[in-house]
Amino acid sequence: IVKWVSLGTAFLLLAVIAIICFSVKKRTYDAKHIAAAGIAIGLSFALSYAKISPLPYGGSITLASFVPVLIYAYVYGIVDGLLAGTIFGLLNFVSGPYILTPFTFILDYLLAFASIGIMGVAKKLTKKQTFNVVIGTVLVFFTRFLFHLISGIIYFIDDSVWVDLPDWAMANAFVYSLIYQLVYIPA
(Lines give C-alpha, C1' and ligand atoms only; values in the text may rest on other atoms or scores of the structure.)
Protein backbone atom coordinates (compact mmCIF):
# COMPACT_ATOMS: atom_id res chain seq x y z
CA ILE A 1 0.00 0.00 0.00
CA VAL A 2 2.94 2.33 0.69
CA LYS A 3 4.11 2.02 -2.92
CA TRP A 4 0.69 3.03 -4.26
CA VAL A 5 0.28 5.85 -1.80
CA SER A 6 3.78 7.04 -2.71
CA LEU A 7 2.88 7.10 -6.40
CA GLY A 8 -0.35 8.87 -5.56
CA THR A 9 1.66 11.34 -3.50
CA ALA A 10 3.89 12.18 -6.43
CA PHE A 11 0.85 12.87 -8.60
CA LEU A 12 -0.79 14.80 -5.76
CA LEU A 13 2.33 16.94 -5.42
CA LEU A 14 2.18 17.83 -9.09
CA ALA A 15 -1.56 18.47 -8.87
CA VAL A 16 -1.16 20.79 -5.86
CA ILE A 17 1.53 22.77 -7.62
CA ALA A 18 -0.54 23.04 -10.81
CA ILE A 19 -3.77 23.99 -9.04
CA ILE A 20 -2.18 26.69 -6.93
CA CYS A 21 -0.11 28.12 -9.77
CA PHE A 22 -3.04 28.25 -12.18
CA SER A 23 -5.75 29.28 -9.72
CA VAL A 24 -3.96 32.36 -8.45
CA LYS A 25 -4.16 34.50 -11.58
CA LYS A 26 -3.22 37.86 -10.10
CA ARG A 27 -0.07 36.51 -8.55
CA THR A 28 3.14 36.24 -10.49
CA TYR A 29 5.95 34.02 -9.37
CA ASP A 30 9.26 35.60 -10.23
CA ALA A 31 12.64 33.93 -9.90
CA LYS A 32 13.23 35.40 -6.41
CA HIS A 33 9.91 34.05 -5.15
CA ILE A 34 10.47 30.54 -6.56
CA ALA A 35 14.08 30.48 -5.33
CA ALA A 36 12.98 31.47 -1.81
CA ALA A 37 10.41 28.65 -1.81
CA GLY A 38 12.98 26.14 -3.04
CA ILE A 39 15.56 27.21 -0.47
CA ALA A 40 13.05 27.14 2.40
CA ILE A 41 11.66 23.73 1.46
CA GLY A 42 15.15 22.37 0.79
CA LEU A 43 16.51 23.62 4.12
CA SER A 44 13.50 22.25 5.98
CA PHE A 45 13.85 18.91 4.25
CA ALA A 46 17.58 18.75 5.01
CA LEU A 47 16.97 19.67 8.66
CA SER A 48 14.35 16.93 8.90
CA TYR A 49 17.19 14.42 8.55
CA ALA A 50 18.91 15.83 11.65
CA LYS A 51 16.81 13.75 14.01
CA ILE A 52 17.40 14.05 17.70
CA SER A 53 15.07 11.18 18.46
CA PRO A 54 12.96 9.16 16.04
CA LEU A 55 9.90 7.78 17.83
CA PRO A 56 8.82 4.14 17.52
CA TYR A 57 5.26 4.77 16.28
CA GLY A 58 5.87 7.62 13.87
CA GLY A 59 7.07 11.17 14.28
CA SER A 60 10.46 12.39 15.33
CA ILE A 61 12.15 15.27 17.06
CA THR A 62 14.16 17.13 14.44
CA LEU A 63 16.56 20.02 14.49
CA ALA A 64 14.13 22.92 13.80
CA SER A 65 12.99 21.55 10.45
CA PHE A 66 9.87 23.75 10.41
CA VAL A 67 11.74 27.04 10.83
CA PRO A 68 12.67 27.75 7.17
CA VAL A 69 9.15 27.08 5.86
CA LEU A 70 7.64 29.06 8.74
CA ILE A 71 9.79 32.03 7.79
CA TYR A 72 8.83 31.59 4.15
CA ALA A 73 5.11 31.47 5.02
CA TYR A 74 5.46 34.55 7.22
CA VAL A 75 7.14 36.54 4.45
CA TYR A 76 5.08 35.37 1.45
CA GLY A 77 1.63 34.75 2.96
CA ILE A 78 -0.94 32.06 3.53
CA VAL A 79 -1.32 30.67 0.00
CA ASP A 80 2.40 30.28 -0.53
CA GLY A 81 2.78 28.91 2.99
CA LEU A 82 0.11 26.29 2.30
CA LEU A 83 1.88 25.28 -0.89
CA ALA A 84 5.32 25.13 0.73
CA GLY A 85 3.97 23.21 3.71
CA THR A 86 2.16 20.70 1.52
CA ILE A 87 5.26 20.12 -0.59
CA PHE A 88 7.37 19.73 2.56
CA GLY A 89 4.85 17.21 3.96
CA LEU A 90 4.81 15.20 0.75
CA LEU A 91 8.61 15.14 0.64
CA ASN A 92 8.65 13.91 4.24
CA PHE A 93 6.26 11.14 3.28
CA VAL A 94 8.30 10.08 0.26
CA SER A 95 11.53 10.02 2.29
CA GLY A 96 10.11 7.98 5.16
CA PRO A 97 6.55 6.76 4.68
CA TYR A 98 4.69 5.74 7.82
CA ILE A 99 0.95 5.35 7.39
CA LEU A 100 -1.88 3.26 8.72
CA THR A 101 -4.74 4.34 6.46
CA PRO A 102 -5.15 6.85 3.64
CA PHE A 103 -7.00 9.10 6.10
CA THR A 104 -4.01 9.13 8.48
CA PHE A 105 -1.83 9.97 5.47
CA ILE A 106 -4.02 13.02 4.78
CA LEU A 107 -3.93 14.06 8.44
CA ASP A 108 -0.22 13.44 9.09
CA TYR A 109 1.38 14.54 5.86
CA LEU A 110 -0.98 16.88 4.04
CA LEU A 111 -3.04 18.78 6.60
CA ALA A 112 -0.48 18.85 9.42
CA PHE A 113 2.20 20.28 7.16
CA ALA A 114 -0.18 22.54 5.21
CA SER A 115 -0.99 24.20 8.52
CA ILE A 116 2.27 26.07 8.02
CA GLY A 117 0.23 28.44 5.87
CA ILE A 118 -1.39 29.83 9.03
CA MET A 119 1.89 31.62 9.63
CA GLY A 120 1.03 33.85 6.66
CA VAL A 121 -1.94 35.25 8.58
CA ALA A 122 0.20 36.07 11.62
CA LYS A 123 2.01 38.86 9.77
CA LYS A 124 -1.12 41.00 9.84
CA LEU A 125 -2.12 40.53 13.50
CA THR A 126 -0.35 43.52 15.07
CA LYS A 127 2.49 45.89 14.31
CA LYS A 128 4.84 43.99 16.63
CA GLN A 129 6.75 41.53 14.48
CA THR A 130 8.10 39.42 17.36
CA PHE A 131 4.63 39.01 18.83
CA ASN A 132 3.24 38.04 15.42
CA VAL A 133 5.94 35.43 14.88
CA VAL A 134 5.39 33.87 18.31
CA ILE A 135 1.58 33.80 17.96
CA GLY A 136 1.81 32.46 14.41
CA THR A 137 4.21 29.71 15.45
CA VAL A 138 1.97 28.71 18.36
CA LEU A 139 -1.08 28.60 16.06
CA VAL A 140 0.76 26.50 13.47
CA PHE A 141 1.97 23.99 16.03
CA PHE A 142 -1.41 23.83 17.79
CA THR A 143 -3.12 23.10 14.46
CA ARG A 144 -0.46 20.54 13.60
CA PHE A 145 -0.91 19.00 17.04
CA LEU A 146 -4.68 18.64 16.46
CA PHE A 147 -4.20 16.86 13.13
CA HIS A 148 -1.63 14.47 14.61
CA LEU A 149 -3.87 13.92 17.64
CA ILE A 150 -6.79 12.83 15.46
CA SER A 151 -4.49 10.60 13.42
CA GLY A 152 -3.10 9.08 16.63
CA ILE A 153 -6.59 8.35 17.91
CA ILE A 154 -7.27 6.42 14.70
CA TYR A 155 -3.93 4.65 15.15
CA PHE A 156 -4.61 3.56 18.72
CA ILE A 157 -8.27 2.65 18.10
CA ASP A 158 -7.18 0.43 15.22
CA ASP A 159 -5.14 -1.58 17.75
CA SER A 160 -2.00 -1.03 15.74
CA VAL A 161 0.42 -0.63 18.60
CA TRP A 162 -0.37 -3.09 21.35
CA VAL A 163 -2.53 -6.05 20.50
CA ASP A 164 -2.98 -7.22 24.10
CA LEU A 165 -4.44 -4.04 25.58
CA PRO A 166 -7.47 -4.58 27.79
CA ASP A 167 -10.83 -3.61 26.27
CA TRP A 168 -11.20 -0.57 28.48
CA ALA A 169 -7.84 0.74 27.27
CA MET A 170 -9.07 1.16 23.70
CA ALA A 171 -11.54 3.71 25.02
CA ASN A 172 -8.50 5.67 26.07
CA ALA A 173 -7.14 6.06 22.54
CA PHE A 174 -7.52 9.80 22.99
CA VAL A 175 -5.34 9.70 26.11
CA TYR A 176 -2.70 7.53 24.43
CA SER A 177 -2.60 9.80 21.40
CA LEU A 178 -2.53 12.92 23.54
CA ILE A 179 0.44 11.68 25.56
CA TYR A 180 2.27 10.52 22.44
CA GLN A 181 1.76 13.83 20.62
CA LEU A 182 2.77 15.81 23.70
CA VAL A 183 6.10 13.98 23.69
CA TYR A 184 7.28 15.12 20.29
CA ILE A 185 5.21 17.99 18.86
CA PRO A 186 6.33 20.59 21.47
CA ALA A 187 9.93 19.40 21.24
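Just so it is clear, the model here is predicted, and its values are computed rather than measured. Computed over heavy atoms, backbone and side chain alike; hydrogens, waters and symmetry mates excluded.
To the nearest 0.5 Å, the span separating CG on Leu139 from CD1 on Ile118 amounts to 6.5 Å. In this structure, Leu111 CG and Thr86 OG1 are separated by 8.5 Å, a value rounded to the nearest 0.5 Å. Interatomic distance, CZ of Phe105 versus CG of Leu110, reported as 4.5 Å (0.5 Å rounding). Once rounded to the nearest 0.5 Å, the distance linking CZ of Phe142 with CD1 of Ile135 reads 13.0 Å.
For the pairing with Val69, the side chain to side chain contact (heavy atoms under 4.5 Å, CB included) check across Val140, Ile116, Ile87 returns one residue only, Ile116.
Each of Met119 and Ile39 belongs to its own hydrophobic cluster when Ile, Leu, Val, Met, Phe, Trp and Tyr are linked at side-chain heavy-atom distances under 4.5 angstrom. Follow the hydrophobic side-chain contacts under 4.5 Å out from Phe145 and you reach Ile153 in the same cluster. Hydrophobic clustering, with ILVMFWY side chains joined whenever heavy atoms are under 4.5 angstrom apart, groups Val94 together with Leu107. Side-chain heavy atoms closer than 4.5 Å link hydrophobic residues (I, L, V, M, F, W, Y) into clusters, and following such links, even through other members, never connects Ile71 to Val134. Linking ILVMFWY residues whenever their side-chain heavy atoms come closer than 4.5 Å, directly or via other members, leaves Tyr74 and Leu43 in distinct clusters.
Residue Phe131 places its CZ atom among 12 or fewer non-hydrogen atoms of other residues, nucleotides or ligands, all under 6.0 Å distant.
At a threshold of 4.5 Å between non-hydrogen side-chain atoms, the residues Asp108 and Phe147 do not count as touching.
Counting all heavy atoms, side chain and backbone alike, Leu47 lies closest to Ser65 at CB-CA, 3.7 Å. Heavy-atom minimum distance, Pro68 versus Ala40: CB-O, 3.4 Å. Closest of all the heavy-atom pairs between Ala114 and Leu82 is O-CD2, 2.9 Å. Here the shortest heavy-atom pairing between Asp80 and Tyr72 reads O-CE2, 3.5 Å.
For Phe66, the ring-ring contact (aromatic ring centres under 6.0 Å, His included) partners two or more places apart in sequence, or in a different chain, are Phe88, Phe113, Phe141.
Counting only distance, with no hydrogens or angles, the side chain of Ser44 and the backbone of Ile41 share no donor-acceptor pair below 3.5 Å.
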